[in-house]
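Here the structure is a predicted model, which means the values were calculated and not measured. Note that ligands are numbered from 1 as they come in the structure, with each ligand's atoms numbered from 1 the same way.
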Amino acid sequence: MKTILTKRIQGLTQSPLLKMDARIKAMQRAGVDVISLGRGEPDFQTPLPIKKAGTRAIKEGFSHYTSTAGIPELKEALVEKFRKENNIIYDVSEIIVGSGTRPLLYIAFQVLCEKGDEAIVPLPTWGTYIEQVKLSEAKPVFIYLKPPFKLTSRDVKEKITSKTKVILLNSPSNPTGAVIDEKELRKIARLALKHNIWIIADEMYERLLFTGRHASIASFNKKIREKVITMNGFSKTYAMTGWRIGYAAGPKEIISSMVDLQGHLTANASSISQKAALGFVQSEKEVVRMIAEFSKRRAFLLQELLKIPQLEVTVPEGSFYFFIGIKSLLNKKYATAVLWCEALLDTKRVGLIPGEAFLAPGYARLSYASPIKRLKIAVKRIKEFIHES
Ligand code: PLP
């Protein structure tokens, strides 16, 4: 039977990440004691000042449409955040708040890319970028990174053509935790300016950094600032995945176009969530505590995973993931990372996300958004699985 779906929709790849996540959740609902290391979200509570601000907004009846770009007080607080933490001076008119970073990324690709354009995406990567590039009708051009997955300007240079419109940067990276060194980032900025290419810099995990300091590409100089859309959000740093608040900053012309498109899509982000997000200013103590806990978990896992010789372990510099090579474990029984992860889940009740979700077969992503006592059991079960298979 002829499908009624458009080619655009038929072209979407079903995410192995969501498939695995659904499988894990179904087992949990059925009462199985699954240790899910698949989650792309902190297991912590949203900080109290944010919760309180949200509750206050509900009580005060702040329940109408807001301005499409976001409430002024939140945009002003973000201007201050960019100035203090990222050394970038933005005007409020250069900020857009959206219903999560995801729709803002979608909107940015829609605004910048069209048929005939190319967007450079380093792999392994969060699969959503690729689907969003495809939805803009541009062609994703991949850079295949090997462990330790650190992007260099040379990798980028090799992929630039006269059609290159956008370079997508995600540092620290989901799924590898790799960081782009500042020296390389500066060279990438020079390449972008030379070839008149836009940069979408997804800095979602900037605070979850365990070595060195974060550098924002838009902060390097005035010229590059005009070619960068800096993406960020509250989901990870403030444990607010469900509240759906993200933001983007960039030159006024681009941001105004993004606001125009957002107006026809989601309109403003939830009024209550925007008011709640303003509590981020008072939440620093809780964020620091969360990062310290992530740091302990990372150290624990690093020590434990390095003891398993069959795994290829790269030390992640940031985010809350390990991206582990499992090629030596793939065999006739489990020929792909998808099959290996499914078997690990079915037999040992540990949920990892197969590398295919990040266009990197032969790997698995382990998220340490679980307490150390659960991580201990998970490592034990993974070891058992490796020995038995
Ligand atoms: N960017 C990166 C690198 C991510 O990993 C995610 C979520 O997993 C997002 C953006 C989207 O976050 P949200 O839409 O919750 O703001």
Side-chain angles (χ1 to χ4, degrees), residues 15-21 24 36-44 46 50 70 74 78 81 95-109 119 121-133 135 145 149 151 166-180 199-209 214 216-217 228-249 258 262 265-266 268-270 273-274 276-277 280 294 316-323 352-353 355 357-360 365-369:
S15 164
L17 195 157
L18 296 182
K19 226 168 116 184
M20 197 62 170
D21 196 51
I24 293 169
S36 173
L37 307 182
R39 313 167 57 165
E41 57 181 341
D43 52 320
F44 301 98
T46 301
I50 295 176
L74 181 56
L78 291 171
K81 180 251 178 243
I95 308 268
I96 174 172
V97 175
S99 307
T101 316
R102 209 173 302 227
L104 291 173
L105 281 159
Y106 172 84
I107 290 171
F109 283 119
V121 184
L123 302 183
T125 191
W126 182 48
T128 294
Y129 298 131
I130 307 202
E131 301 310 311
Q132 293 190 347
V133 169
L135 287 167
L145 297 173
F149 309 112
L151 183 71
V166 167
I167 302 166
L168 184 278
L169 302 177
N170 173 217
S171 175
S173 149
N174 173 10
T176 65
V179 166
I180 306 169
I199 304 269
I200 295 182
D202 183 341
E203 303 187 352
M204 189 64 144
Y205 295 92
E206 64 170 338
R207 293 292 309 275
L208 294 155
L209 185 62
H214 176 76
S216 292
I217 190 164
V228 176
I229 306 182
T230 307
M231 295 283 175
N232 211 325
F234 290 88
S235 283
K236 317 284 168 166
T237 306
Y238 297 94
M240 284 182 75
T241 43
W243 296 78
R244 309 307 304 132
I245 296 287
Y247 54 94
M258 287 179 66
Q262 175 156 286
L265 204 62
T266 56
N268 59 273
S270 150
S273 296
Q274 288 189 69
F280 88 91
F294 271 135
E317 297 164 276
S319 73
F320 44 78
Y321 308 113
F322 275 81
F323 202 57
L352 304 184
I353 304 292
F358 312 98
L359 280 83
R365 190 189 75 177
L366 182 160
S367 148
Y368 45 94

Practice item. Please confirm whether Y205 and Y321 have ring centers closer than 6.0 angstrom. Key: yes
**Study point:** Nearest protein heavy atom with distance in Å, relative to atom 7 (C) of ligand 1
**Key:** K236 NZ, 3.0 Å
Check your understanding: What is the nearest protein non-hydrogen atom to atom 12 (O) of ligand 1, stated with its residue, atom name and distance?
Key -> M204 CE, 3.1 Å
Exercise for review: Give the numbers and elements of all ligand 1 atoms closer than 4.0 Å to a heavy atom of D202.
Suggested key: 1 (N), 2 (C), 3 (C), 10 (C)
Review point. Have W243 and S270 got a donor and an acceptor in their side chains that come within less than 3.5 Å?
Key: no
Point to revise | Which segment of R244 sits under 4.0 Å of ligand 1 when only heavy atoms are counted | key: side chain
Practice item. Answer with side chain, backbone, both or neither: which part of F234 has a heavy atom less than 4.0 angstrom from an atom of ligand 1? Key: neither
**Study point:** Ring centroid separation F149 to F323 under 6.0 Å
**Key:** yes
Point to revise | Side chains of P175 and W126 in contact at under 4.5 Å (non-hydrogen atoms) | key: no
Point to revise | Side-chain ion pair, K81 and E206, N-O less than 4.0 Å | key: yes
Revision key, fill the gap. So the atoms of ligand 1 within less than 4.0 Å of a heavy atom of G100 turn out to be 14 (O), 16 (O)
Review point. So which of Y321, Y205, Y129 gets nearest to atom 4 (C) of ligand 1, if we judge by its closest heavy atom?
Key: Y205
Practice item. Answer with yes or no whether the side chains of S216 and E203 bring together a donor and an acceptor at under 3.5 Å. Key: yes
Review point. So do the side chains of N174 and S319 get within less than 4.5 Å of each other, counting heavy atoms only?
Key: no
**Study point:** Non-hydrogen side-chain atoms of K236 and F320 separated by less than 4.5 Å
**Key:** yes
Check your understanding: Counting each atom of ligand 1 from 1 as listed, which ones have a heavy atom of N170 under 4.0 Å away?
Key -> 3 (C)
Check your understanding: At a 4.0 Å cut-off, with the gap strictly under it, does some heavy atom of M231 reach an atom of ligand 1?
Key -> no
Practice item. Determine whether the side chain, the backbone, both or neither of N174 has a heavy atom under 4.0 Å from any heavy atom of ligand 1. Key: side chain
Practice item. Give the numbers and elements of all ligand 1 atoms closer than 4.0 Å to a heavy atom of R102. Key: 7 (C), 14 (O)
**Study point:** For atom 11 (C) of ligand 1, closest protein heavy-atom neighbour
**Key:** W126 CH2, 3.5 Å
Point to revise | Shortest heavy-atom approach to atom 16 (O) of ligand 1 - which of L168, I245, L17, T101 | key: T101
Point to revise | Ring centres under 6.0 angstrom apart (F234, Y247) | key: yes
Exercise for review: Assert yes or no for the condition that the ring centre distance of F294 to F44 is strictly below 6.0 Å.
Suggested key: yes
Check your understanding: Does ligand 1 have any atom that is closer than 4.0 Å to a heavy atom of G246?
Key -> no
Check your understanding: What do you reckon, does S235 put a non-hydrogen atom under 4.0 Å from ligand 1?
Key -> yes
